[in-house]
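A short write-up of the structure that comes next.
On a predicted model such as this, the values are computed, not experimentally measured, just so you know.
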Amino acid sequence: MISYKREKLIETARQLFYQYGFHAVGIDLILKKSGVAKKTLYNHFYSKDDLILAVLRRNDEHFRNHFVRSLENRGFSAKEKLLSIFDTTEEWFTSSQFHGCIFINAIAEYSDRSVPIHTVCKEYKRTIRDCIAGLAREANASDPNELADQLSLLLEGATVTEQVGAIRKSAERAREIAIILINRACSLS
């Protein structure tokens with residue numbers, strides 16, 4: 001049975017961490033905003049890091065499901081789905097809820113590669129890259145792993161660029177580059 005209070009803690013923490021950062025948000029603020037008692041928090045989570053891991057795993061689940069559904073709904077061919085990555089990303093960037101990538105933000109605050117938070121972020125990024133590689137294989141790219149690496153790098157760069165506001169419409173610009181990469185990779189096969 002899913003605990004309502006546990007879910008409330010995760011969702012409240014997710015919103016606060018995403019908007020303000022992990023170190024900037026303390027347990028007291030999460031408790032105040034969620035209306036959950038400290039004892040209940042520690043009945044569900046051993047520490048703040050444990051709560052952060054739950055938030056990242058939940059975000060992974062929700063975002064990945066949204067991402068895959070969006071790709072499925074946008075394109076018929078694998079090439080169209082590869083390009084739609086950047087259309088989906090542009091929608092995310094232009095939403096009022098965009099504060100960058102929560103996984104990139106987490107790695108920025110928890111850079112030690114040995115901590116579980118870093119590991120969860122790395123696993124998420126690998127999962128998205130593997131999804132892209134699967135589409136590249138379906139599109140008959142000459143080297144699906146190379147194309148997946150290129151498109152993943154493009155996607156990550158666009159995300160950070162949009163987050164810092166260096167270049168607006170970075171997903172649209174990334175899409176233009178993706179067209180070249182996809183066409184080249186698929187014409188060589």
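Put simply, the side chain of Ser3 gets close to the backbone of Arg6: a donor and an acceptor are under 3.5 Å apart. Checked by atom type and distance alone, the side chain of Asn59 never pairs as donor or acceptor with a backbone atom of Val55 at under 3.5 Å. At distances below 3.5 Å, at least one donor-acceptor pair connects side-chain atoms of Glu80 with backbone N or O atoms of Phe76. Checking side-chain atoms of Ser152 against main-chain N and O of Ala148 turns up a donor-acceptor pair under 3.5 Å. In this structure a side-chain-to-backbone donor-acceptor pair under 3.5 Å is present from Asn73 to Arg69. Between the side chain of Thr12 and the backbone N or O of Leu9, no donor-acceptor pair lies under 3.5 Å.
Between Glu162 and Lys169 there is no salt bridge, since none of the side-chain N atoms of the basic residue sits less than 4.0 Å from a carboxylate O of the acidic one. Salt bridge annotation for Glu138-Lys79: absent, with no cationic side-chain nitrogen under 4.0 angstrom from a carboxylate oxygen.
Taken together through direct or relayed side-chain contacts under 4.5 Å among Ile, Leu, Val, Met, Phe, Trp and Tyr, Leu29 and Leu51 form part of one hydrophobic cluster. Follow the hydrophobic side-chain contacts under 4.5 Å out from Phe98 and you reach Phe17 in the same cluster. In terms of hydrophobic clustering, with Ile, Leu, Val, Met, Phe, Trp and Tyr side chains grouped at heavy-atom distances under 4.5 Å, Phe103 and Val160 are assigned to different clusters.
Arg57 pairs with exactly one of Val120, Ile52, Ile10 by the side-chain contact (heavy atoms from CB on, under 4.5 Å) rule, that one being Val120.
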Carefully, step by step, assess Glu90 and Arg175 under the rule salt bridge (Lys or Arg N to Asp or Glu O under 4.0 Å). CA-CA 9 Å; Glu90 182 63 28; Arg175 188 182 194 281; over 6 Å; no
What do the steps show when you test Arg14 against Glu11 for salt bridge (Lys or Arg N to Asp or Glu O under 4.0 Å), and what is the final call? CA-CA 5 Å; Arg14 187 192 67 76; Glu11 182 54 28; 2.8 Å; yes
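Aromatic ring centres of Tyr110 and His118: separated by at least 6.0 Å.
For the 3.5 Å distance criterion, the side chains of Ser114 and Asp112 qualify, holding a donor opposite an acceptor.
Within 6.0 Å of NZ on Lys33 lie no more than 12 heavy atoms contributed by other residues, nucleotides or ligands. Heavy atoms from other residues, nucleotides or ligands lying under 6.0 Å from NZ of Lys125 number more than 12.
In terms of heavy atoms, Val36 sits closest to Leu31 at O-CD2, 3.2 Å.
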